[in-house]
Amino acid sequence: MADFFDTWISMVFFIVIALVILTLTLAITKSTRKKWIMLSSIILTVSFSISSFFLLEFLIKDEVSGLIDENSLIIEMPSGIDEGLLLHSLKNNKYVTTHKTHPLEKSVVRILTNSRELKLQVAQDSKYPYLYWVYYPKYRYSRLNEIGKVRVQKYE
């Protein structure tokens with residue numbers, strides 16, 4: 001499955017490049033028909049790019065959620081994280097949004113599930129100390145971009 005996600009990102013990149021080249025080629029023509037083709041290719045490029053990243057993020061969140069069950073046990077995590085809240089948030093896709101914040105230093109979280117050991121990375125939010133950014137290092141996309149932010153402490 002890891003090859004699929006990493007291949008998907010590469011394919012999206014090359015399709016976008018091909019459509020940009022097509023658009024630039026058609027931009028120098030004076031034909032109205034070709035300009036409509038150019039406009040269509042721009043719209044297609046933008047919609048394909050945006051939808052593929054949303055789909056990829058959804059699939060990765062779904063994979064992480066599917067790996068965690070009631071019997072999952074956290075065997076390594078940074079201090080200050082409520083184990084139950086973290087597992088509940090990841091299992092039920094309970095992610096929160098923030099604006100104008102950034103992650104601090106990443107730490108490793110290892111979760112033992114029935115099927116295998118799941119390694120995640122978490123980084124505390126710069127503004128809200130009870131929120132952590134979650135990364136799934138199995139795939140290139142989710143190593144670079146967080147799969148979501150979770151509340152890992154009770155309200156203060």
Side-chain angles (χ1 to χ4, degrees), residues 1-23 39-155:
M1 193 66 142
D3 293 336
F4 171 74
F5 289 132
D6 290 335
T7 304
W8 177 268
I9 289 295
S10 299
M11 287 178 55
V12 168
F13 176 74
F14 287 116
I15 290 171
V16 168
I17 294 295
L19 288 173
V20 167
I21 291 170
L22 174 69
T23 302
L39 181 62
S40 299
S41 68
I42 290 171
I43 292 171
L44 180 66
T45 302
V46 170
S47 62
F48 183 74
S49 300
I50 292 172
S51 63
S52 67
F53 285 116
F54 283 124
L55 176 65
L56 191 60
E57 186 174 320
F58 171 77
L59 291 173
I60 292 172
K61 285 180 181 179
D62 190 52
E63 180 180 335
V64 170
S65 174
L67 290 172
I68 297 173
D69 58 16
E70 314 70 53
N71 300 323
S72 296
L73 177 67
I74 295 181
I75 54 178
E76 179 183 343
M77 71 177 175
S79 61
I81 294 180
D82 185 326
E83 180 178 324
L85 280 175
L86 178 63
L87 287 174
H88 177 75
S89 297
L90 293 172
K91 173 66 180 158
N92 298 311
N93 286 326
K94 300 283 184 181
Y95 297 101
V96 297
T97 58
T98 59
H99 298 287
K100 298 185 180 181
T101 64
H102 61 277
L104 300 176
E105 186 176 335
K106 291 182 184 178
S107 304
V108 174
V109 172
R110 292 177 32 218
I111 302 172
L112 189 61
T113 66
N114 284 338
S115 57
R116 63 188 207 127
E117 181 180 308
L118 175 65
K119 285 187 180 181
L120 299 173
Q121 292 178 331
V122 295
Q124 191 172 22
D125 189 80
S126 62
K127 188 174 181 182
Y128 306 104
Y130 51 85
L131 295 180
Y132 276 75
W133 298 43
V134 180
Y135 299 86
Y136 188 34
K138 182 177 179 182
Y139 307 115
R140 184 177 183 274
Y141 175 80
S142 55
R143 248 190 329 266
L144 303 174
N145 304 297
E146 85 278 355
I147 61 171
K149 299 171 196 85
V150 295
R151 177 178 297 280
V152 295
Q153 296 173 350
K154 303 258 188 237
Y155 289 105

Donor-acceptor contact below 3.5 Å, side chain Ser65 vs main chain Lys61
no

From [atom1] ([X]) to [atom2] ([Y]), nearest 0.5 Å:
X	Y	atom1	atom2	answer
Ser51	Phe58	OG	CZ	14.0 Å
Asn93	His88	CG	NE2	10.5 Å
Asn92	Leu87	CG	CG	10.5 Å
Ile68	Leu73	CD1	CG	12.0 Å
Ile75	Glu117	CD1	CD	4.0 Å
Leu120	Lys138	CG	NZ	11.5 Å

Side-chain heavy atoms of [X] within contact of [Y], under 4.5 Å:
X	Y	answer
Ile111	Leu67	no
His102	Leu104	yes
Asn145	Glu57	no

With Glu76 via salt bridge (Lys or Arg N to Asp or Glu O under 4.0 Å) - residues at least two apart:
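Counting only residues at least two positions away or on another chain, Glu76 forms a salt bridge (Lys or Arg N to Asp or Glu O under 4.0 Å) with Arg110.
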
Considering all heavy atoms, the nearest [X]-[Y] contact:
X	Y	result
Lys119	Pro137	O-CD, 3.4 Å
Lys127	Asp125	N-OD2, 3.0 Å
Tyr132	Ser79	OH-O, 4.3 Å
Pro78	Val109	CD-CG2, 3.9 Å

Determine whether Tyr95 and Val150 satisfy the following criterion, side chain to side chain contact (heavy atoms under 4.5 Å, CB included), listing intermediate values before the conclusion.
CA-CA 5 Å; Tyr95 297 101; Val150 295; 3.6 Å; yes

Which residues pass the side-chain hydrogen bond (donor to acceptor under 3.5 Å, both in side chains) test with Ser72, sequence neighbours left out?
Asp69

Side chain to side chain contact (heavy atoms under 4.5 Å, CB included) between Val134 and Val64, intermediate numbers included:
CA-CA 11 Å; Val134 180; Val64 170; over 6 Å; no

Stepwise side chain to side chain contact (heavy atoms under 4.5 Å, CB included) check, Arg151 with Leu131:
CA-CA 5 Å; Arg151 177 178 297 280; Leu131 295 180; 4.0 Å; yes

Side chain to side chain donor-acceptor pair (under 3.5 Å) assessment of Tyr139 paired with Glu63:
CA-CA 11 Å; Tyr139 307 115; Glu63 180 180 335; 2.5 Å; yes

